[in-house]
Amino acid sequence: YNYSVEAICNSGPSGYTTIQTFTTTGAGYCTTGGVSATQDNLSLVWVGSIQIGYSGANGYYDLTNLSTNMTQGATINGYVSGGNNNEFYRIWIDYNHNNSFNDAGELVWELNTTATGWLTLSFVVPANAMTGATRMRISIKRDSAPLSCGSFPLGQTEDFMVNIVPLRVFSNETVTVQKNLKAEIYPNPVKKGTSLHINSNMSSQIIPFVIYDMTGRIIEKGSFNDNIIKLSNQIVPDTYIFEYALNGKKFYKKILVTE
């Protein structure tokens, strides 16, 4: 919006100031939460780098000080846990940053269960999700599915932040870094707990590497000079990006780790 002001004094109007501008913050996110969360609460939320246990028995918690990165097009895995009644879980993400969870595709995961313990969740971030910081809302409600707005008798809601980051573009699976020099990664798929082999004629060099999950989070990093990398216990069955450097250039290969 544009505005200017004028003072009216005894001597008459002062004349308008130069035009200034301001931007409204919008209406913000709707309120939500349970009236009672004594039995029906979120005892675990683990999504990306967000890992938090029981927050308390209030019906709503603003936990937007906690954030995790999510890559466009990536599969996000995690866990939630809650009460042992007939519980309905839902997760929303405001992908288009319009302070609403009601747009198509923004209800990203839901589950109805009476099971306790760690409940597995998984969803895919849209490839066209708007990049930058936005809000994720997680609710649990007894006996029926919660809406993204409004209060409900039994249950709880927690809000978090997520940062949508652009999808990285990776090079071909087999790369040529200079004439007569090739590097290949095998086997692929590779079984967890075994080793990756790098077939190149640069075995005398120390070669740095980084292994990312598909959200862009670094899972493991190090270096090798014997063309063999032992996969650590952190590399569980999933899809990863293997980054390595030869002659000062970085190259990428998608690898699949299986049971």
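Keep in mind it's a predicted model, so treat the numbers as computed, not measured. Note that the numbering runs from 1 along the sequence shown for the chain.
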(message) Quick check: do L121 and W46 have side-chain heavy atoms less than 4.5 Å from each other?
(response) no
(message) Any carboxylate oxygen within less than 4.0 angstrom of a Lys/Arg side-chain nitrogen, looking at R135 and D159?
(response) yes
(request) Taking all heavy atoms of N96 and all of D94, pick out the closest pair and write down the distance. (result) OD1-OD1, 2.9 Å
(request) Check the pair I93, T134 against side-chain contact (heavy atoms from CB on, under 4.5 Å), reporting the backbone distance first and the verdict last. (result) CA-CA 8 Å; I93 297 177; T134 191; 4.2 Å; yes
(message) Just verifying a value: how many Å separate L42 CG and E158 CD, rounded to the nearest 0.5 Å?
(response) 4.5 Å
(message) Quick check for you: to the nearest 0.5 Å, what is the distance between I241 atom CD1 and I218 atom CD1?
(response) 13.5 Å
(message) If you apply the rule side-chain contact (heavy atoms from CB on, under 4.5 Å), what do you find for N188 with L256, and how did you get there?
(response) CA-CA 6 Å; N188 191 11; L256 176 63; 4.1 Å; yes
(request) Would you kindly confirm whether V108 and L66 end up in one hydrophobic cluster when ILVMFWY residues are joined by side chain heavy atoms under 4.5 Å apart? (result) yes
(request) Please step through side-chain contact (heavy atoms from CB on, under 4.5 Å) for the pair Q72 and I164, ending with a clear verdict. (result) CA-CA 7 Å; Q72 293 172 324; I164 307 296; 3.9 Å; yes
(request) Quick one: pull up OH in Y61 and CD1 in I52 and give me the separation to the nearest 0.5 Å. (result) 9.5 Å
(message) Has E87 got a side-chain atom pairing as donor or acceptor with G155's backbone, closer than 3.5 angstrom?
(response) no
(message) If hydrophobic clusters are built by linking Ile, Leu, Val, Met, Phe, Trp and Tyr wherever their side-chain heavy atoms come under 4.5 Å apart, do M161 and W109 end up in the same one?
(response) no
(request) Decide yes or no on side-chain contact (heavy atoms from CB on, under 4.5 Å) for L154 and Q39, but give the supporting numbers first. (result) CA-CA 8 Å; L154 301 171; Q39 297 183 31; over 6 Å; no
(message) Given 3.5 Å as the limit, does a donor-acceptor pair link the side chain of E106 with the main chain of Y95, or not?
(response) yes
(message) For the NZ atom of K141 and the CZ atom of F88, what is their distance to the nearest 0.5 Å?
(response) 8.0 Å
(message) Could you tell me if the side chain of L147 sits less than 4.5 Å from the side chain of F152, heavy atoms only?
(response) no
(request) Please answer whether the main-chain N or O of G83 pairs with a side-chain N or O of D40 as donor and acceptor at a distance below 3.5 Å. (result) no
(request) Could you pull out the closest heavy-atom pair between V125 and T71, with the gap in Å? (result) CB-O, 3.5 Å
(message) Going by the rule side chain to side chain contact (heavy atoms under 4.5 Å, CB included), which residues pair with S148 if we only count those two or more places apart in sequence or in a different chain?
(response) W92, F101, N102
(request) Please list all pairs passing the disulfide bond (SG atoms under 2.5 Å apart) test where one or both residues lie in residues 60-153, with sequence neighbours left out. (result) C30-C149
(message) So, applying side chain to side chain donor-acceptor pair (under 3.5 Å) with N86, which one of N112, T113, T114 is it?
(response) N112
(message) Under a 3.5 Å cutoff, is there a donor and acceptor pairing between the side chains of N98 and S100?
(response) no
(message) For the backbone of S81 and the side chain of S43, can you confirm whether one donor and one acceptor N or O come within less than 3.5 Å of each other?
(response) yes
(message) Please verify the inter-ring angle class for W118 with Y79; under 30° counts as parallel, over 60° as perpendicular, anything in between as tilted.
(response) tilted
(request) Following the transitive rule for hydrophobic clusters with a side-chain heavy-atom cut-off under 4.5 Å over Ile, Leu, Val, Met, Phe, Trp and Tyr, establish whether M70 and L63 coincide in one cluster. (result) yes
(message) With a 4.5 Å cut-off on side-chain heavy atoms, are D238 and N77 touching?
(response) yes
(request) Working to the nearest 0.5 Å, report the span between CZ of R137 and CG of L107. (result) 13.0 Å
(request) Check whether any side-chain heavy atom of T157 sits under 4.5 Å from a side-chain heavy atom of P146, and report yes or no. (result) no
(message) With a 6.0 Å cut-off (strictly less than), is the heavy-atom count around CG of N233, excluding the residue itself, greater than 12?
(response) no
(message) When you group the ILVMFWY residues by side-chain heavy-atom contacts below 4.5 Å and let the links chain together, are I138 and L44 in the same group?
(response) no
(message) For a 4.5 angstrom cut-off between non-hydrogen side-chain atoms, does K191 reach T258?
(response) yes
(message) Measuring only between side-chain heavy atoms, which start at C-beta, is I91 closer than 4.5 Å to M136?
(response) yes
(request) Would you confirm whether E220, through its side chain, and I211, through its main-chain N or O, come within 3.5 Å as a donor-acceptor pair? (result) no
(request) Evaluate the side-chain proximity of I219 to I235: yes if any heavy-atom separation is below 4.5 Å, no if none is. (result) yes
(request) Examine L196 and V236 and state if one hydrophobic cluster contains both, with Ile, Leu, Val, Met, Phe, Trp and Tyr joined whenever side-chain heavy atoms are less than 4.5 Å apart. (result) yes
(message) Measuring from atom CG of L119 to atom CG of L111, what distance do you get when rounded to the nearest 0.5 angstrom?
(response) 6.0 Å
(message) Determine whether a donor-acceptor pair (N or O, by modelled atom type, separation under 3.5 Å) exists between the side chain of K221 and the backbone of F209.
(response) no
(message) When you measure from the side chain of S223 to the backbone of I207, do you find a donor-acceptor pair of N or O atoms at a distance under 3.5 Å?
(response) no
(request) Kindly indicate whether the side chain of F160, heavy atoms from C-beta on, has any atom under 4.5 Å from the side chain of T68. (result) no
(request) Taking S49 for its side chain and S67 for its backbone only, find out whether a donor-acceptor pair lies under 3.5 Å. (result) yes
(request) Taking all non-hydrogen atoms of both residues into account, name the closest pair between T131 and H97 and its distance. (result) O-CE1, 3.2 Å
(request) Using a cut-off of 6.0 Å, state whether more than 12 heavy atoms not belonging to Y16 lie near its atom OH. (result) no
(request) Inspect the surroundings of CD1 in I8 and state if more than 12 heavy atoms from other residues, nucleotides or ligands are less than 6.0 Å away. (result) yes
